[in-house]
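Everything quoted here is computed from the prediction, not taken from an experiment.
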Amino acid sequence: MKNIIKDLIIKSLSKIDKSSNISIESIEVSICKDKKFGDFSSNVSMKFAHLYDLKPRDLARKIIHEIEENDNILKIEVAGPGFINFFVSKNTQFEIIEKILEDKTSFGKNKEGNNKKILIEFVSANPTGPLHVGHGRGAAFGDCLSNILKENGYEISKEYYVNDAGKQIDILTLSVLQRYHELIDNNYDFNYEDLYKGEYVWDIAAEIHRKHEKNFFIENLNSMKINNIDDYISSVKNILSEKKFNEVKNLAVNFIQVNIKKTLILSGINFDSWFFESSLLRDNNLKKVISFLSNNNHTYEKDNALWFKSQQIGDEKDRVLIKENKDHTYLSTDIAYHKNKVERKFNKVINIWGADHHGYVPRIKGAFNIFSKGESDLIILLVQFANLFRGKDKISMSTRSGNFITLEQLLKEVGKDATRFFYIARKSDQHMDFDIELAKSNNSNNPVYYIQYAHARICSIFKQSIENGMQFSFNKDYLELLSKEEEMKIIKKLSSYPDIIKKSAEKYEPHLLTNYMRELAQEIHSYYNKFQILVDDSKLRNARLALIEASRYVLKNSGRIIGINMPDKM
RNA sequence: GCGCCUGUAGCUCAUUUGGAUAGAGCAUCGGAUUUCUAAUCCGAGGGUAGUAGGUUCGAAUCCUACCAGGCGCGCCA
């Protein structure tokens, strides 16, 4: 209907001025929230009045004067500063119910994406410990966004980048070895502060001890002089041998990764691919990328280090790629990773990062553009941290000390549905407070139960209808019996669902969908309380059943996208 | 100090890419179950949109300054 109106406006405009070159994309038509302004409204006359050298209201009048007759439109008015308001016939509005009942679970899908390929990378937490609640928001956001983009006809690949190389992993390995030695001989107690101290480190050490016994034991580790963590790492590597150190490393990383995957599955998230940082270091991959940059004049040498000319591609300053000690920096592998992303020929690449990485955005975007040469877009979406509350009490966390709530604990305590819903119910770039008590509560305070209850209620009515021998049978001719204000409100809400799907994809904002679900649920509850659905008049009854059945599909579909269950019974 | 993000009701947040009278929930107060699930509904109060300017038909939204908060500014990852 929106498109029909846009078309009418364009035609009218070209009648007023044959040379008009206003495109259909620039015509805005929106669904009115207040019914006194009609069903649809457009601001074209205010937007373009200056082009015609007219006052907005005068242009609006002209547009209306020239507009073609259309059976769907009852009347058109000029209002306020120059809005053109369209009043649509009821039968036209009822069409949406028919469409939903036809499309069922595919209602809302569109082909905007045109099967374009998108790589979306998210979570990508270092495998140095279990996922904690801080990772949860990015995880839920990335997964919901993926679902939304799929709904819009994009082909999505979800990827997790595993930082399985580098210093943090060495520190993890060392932490595990430390606990391992303590397990074997409790005289070993070298509490070095940089090491990971979470419970899970004990678990890994215990497993290694169980499987490999004293295979990695170093007799005099206790007496080793420790100046700094780097020396410590290299000494242990030397004594134990690089091979054995790597063996422990692999065992540790693998252990944690299994744990992370488990947590993600509990969150309802499946990744299509896992990309290992270590794969970038094999076969001289990284070297090739760096020589490519050097050959194309993107690097220079200074102070015995190799620098990336990141300033000329939008960064605040230049950055080091190869350190004085010949180690590569984190940035190097990240650039190599993004080169790889470009080579995989996606139409668009999306990264979801914690907001604390925002300073990192220009250099990666810059590097990406060097490789993609404009053939692909990199979009980096930042997700702010969530503060965790238990009622009024803020739960503070420190990661290194191991004193944090894991995502798994949260999922077990709150449940997958509420966890996902709460994480994405706010704009991602907005700080948010996550109240565990609220998410757990099963009363009206909790929007998840509120929405699910609306769905369950509808199911319950259908169950009742069957028990009472009032089986639903759809006949579109009965729909005109829907005349109550509440009914028309719900119809209007249902009509706007496809727009919400489209918009939440365009803006990368899943929270639009959670807001929508809440609003729809509210209208359903109000309607339910005010009117009897299962009335004796079978025509009216079937019309009402059609309305709530359509609502049910929309709830079900949006629930599928958000990743929350819509129960038939509660 | 420099850069990025944010500031909306007592609290948590929306506001359909600049639209019409800024809306929900919680909390507070008052009401509704002989009727399809009260995990629900109906009603009331509550606002100088951080402050001050600017841009235009029109600003919570865009620009500038200031105030307040978060984050980032390593040859760390």
Side-chain angles (χ1 to χ4, degrees), chain A residues 28 30-34 36-37 41 43 45-47 49-50 55-57 79-83 85 126 128 163 165-169 171 302-307 316-317 319-331 333-334 354-362 382 384-385 387 389 392 425-427 429-435 438 441-450 452-454 456-465 467-468 470 496 499-500 503-504 506-507 511-512 514-516 518-519 521-522 524-535 544 548 569-570:
Chain A
E28 285 176 47
S30 52
I31 297 173
C32 298
K33 44 188 167 186
D34 191 331
K36 81 176 174 218
F37 297 130
S41 99
N43 59 0
S45 52
M46 291 170 322
K47 218 171 155 186
H50 62 280
K55 287 181 179 159
R57 287 190 66 104
F83 286 101
N85 294 336
N126 287 349
T128 52
N163 287 101
K167 190 160 138 183
Q168 293 308 318
I169 297 299
I171 295 176
K302 194 181 89 179
D303 305 331
N304 289 322
L306 186 73
W307 292 71
E316 291 170 349
K317 51 178 161 179
R319 311 284 173 178
V320 169
L321 291 172
I322 306 287
K323 302 186 234 177
E324 200 175 355
N325 69 5
K326 301 304 163 210
D327 280 352
H328 61 267
T329 59
Y330 180 83
L331 176 64
T333 42
D334 239 14
D356 54 335
H357 286 78
H358 67 76
Y360 207 69
V361 172
L382 300 176
Q384 288 285 355
F385 292 122
N387 290 316
F389 282 80
K392 289 230 177 288
R426 306 284 176 239
K427 236 180 174 158
D429 61 359
Q430 197 81 263
H431 297 271
M432 68 171 280
D433 292 344
F434 189 125
D435 184 348
L438 179 61
S441 66
N442 45 356
N443 56 40
S444 60
N445 301 3
N446 189 334
V448 181
Y449 285 89
Y450 184 84
Q452 291 177 327
Y453 185 39
R457 266 188 157 169
I458 293 172
C459 293
S460 161
I461 294 170
F462 276 93
K463 196 175 151 223
Q464 195 87 14
S465 75
E467 284 167 4
N468 297 351
M470 297 171 159
S496 67
D499 282 346
I500 297 288
K503 190 164 296 159
S504 48
E506 278 165 12
K507 299 177 77 172
H511 79 281
L512 297 176
T514 51
N515 286 348
Y516 175 89
R518 203 194 157 87
E519 286 160 13
Q522 176 167 37
I524 292 167
H525 284 309
S526 285
Y527 181 53
Y528 175 95
N529 269 275
K530 196 160 174 185
F531 299 101
Q532 184 82 13
I533 311 293
L534 298 178
V535 289
R544 288 182 170 173
I548 60 167
K569 210 169 80 180
M570 287 171 79

Which nucleotide sits closest to the side chain of A/Gln464: B/rC36, B/rG25, B/rA20?
-> B/rC36
Residue whose nearest RNA chain B nucleotide is more 5′ - A/Ile533 or A/Asn163 = A/Ile533
For A/Gln532, which contact category applies under a 4.0 Å heavy-atom criterion: base, sugar-phosphate, or nothing?
-> base
Does any donor-acceptor pair link the side chain of A/His358 with the base of B/rC5 at a separation under 3.5 Å?
-> no
B/rA27 and B/rA39: how far apart are their P atoms, nearest whole angstrom?
-> 15 Å
Which one, B/rG25, B/rA38, B/rG19, comes nearest to the side chain of A/Pro81?
-> B/rG19
Counting side-chain heavy atoms from C-beta on, which of B/rA39, B/rC36, B/rA14 comes nearest to A/Tyr528?
-> B/rC36
Measure from the side chain of A/Lys167, starting at C-beta and using heavy atoms only, and say which of B/rG19, B/rA77, B/rG25 lies closest.
-> B/rA77
Nearest listed nucleotide, side chain of A/Ala305, among B/rC75, B/rC73, B/rA20 | B/rC75
For A/Phe434, which contact category applies under a 4.0 Å heavy-atom criterion: base, sugar-phosphate, or nothing?
-> nothing
Distance between the C1' atoms of B/rG3 and B/rC11, in whole angstroms?
-> 32 Å
Donor/acceptor link under 3.5 angstrom from A/Thr329 side chain onto base of B/rA77 | no
Mind checking A/Gln452 for me? I need base, sugar-phosphate or nothing, with any heavy atom below 4.0 Å counting as a touch.
-> nothing
Would you indicate which nucleotide in B/rA14, B/rC76, B/rU6 comes nearest to any side-chain atom of A/Arg426?
-> B/rA14
To the side chain of A/Val320, which of B/rG3, B/rU15, B/rC75 is closest?
-> B/rC75
Does a nitrogen or oxygen in the side chain of A/Arg518 sit under 4.0 Å from OP1 or OP2 of B/rA14?
-> no
Proximal nucleotide (of B/rC73, B/rA20, B/rA39) relative to the A/Ala79 side chain = B/rA20
With rounding to whole Å, what would you report as the distance between B/rU15 and B/rU8 at their C1' atoms?
-> 10 Å
Do A/Leu534 and A/Gln464 touch side chain to side chain, with heavy atoms closer than 4.5 Å?
-> yes
Measure from the side-chain heavy atoms of A/Asp429 and tell me the nearest of B/rC75, B/rU6, B/rG25.
-> B/rU6
Quick one: list whatever passes salt bridge (Lys or Arg N to Asp or Glu O under 4.0 Å) with A/Arg319, sequence neighbours left out.
-> A/Asp315
Encoded 5' to 3' (Watson-Crick or G-U under 3.5 Å; [ ] crossing; | other strand), RNA chain B becomes (((((((..((((.....[...)))).(((((.......))))).....(((((..]....))))))))))))....
Length of the CG-P vector between A/Asp435 and B/rG25, whole Å = 18 Å
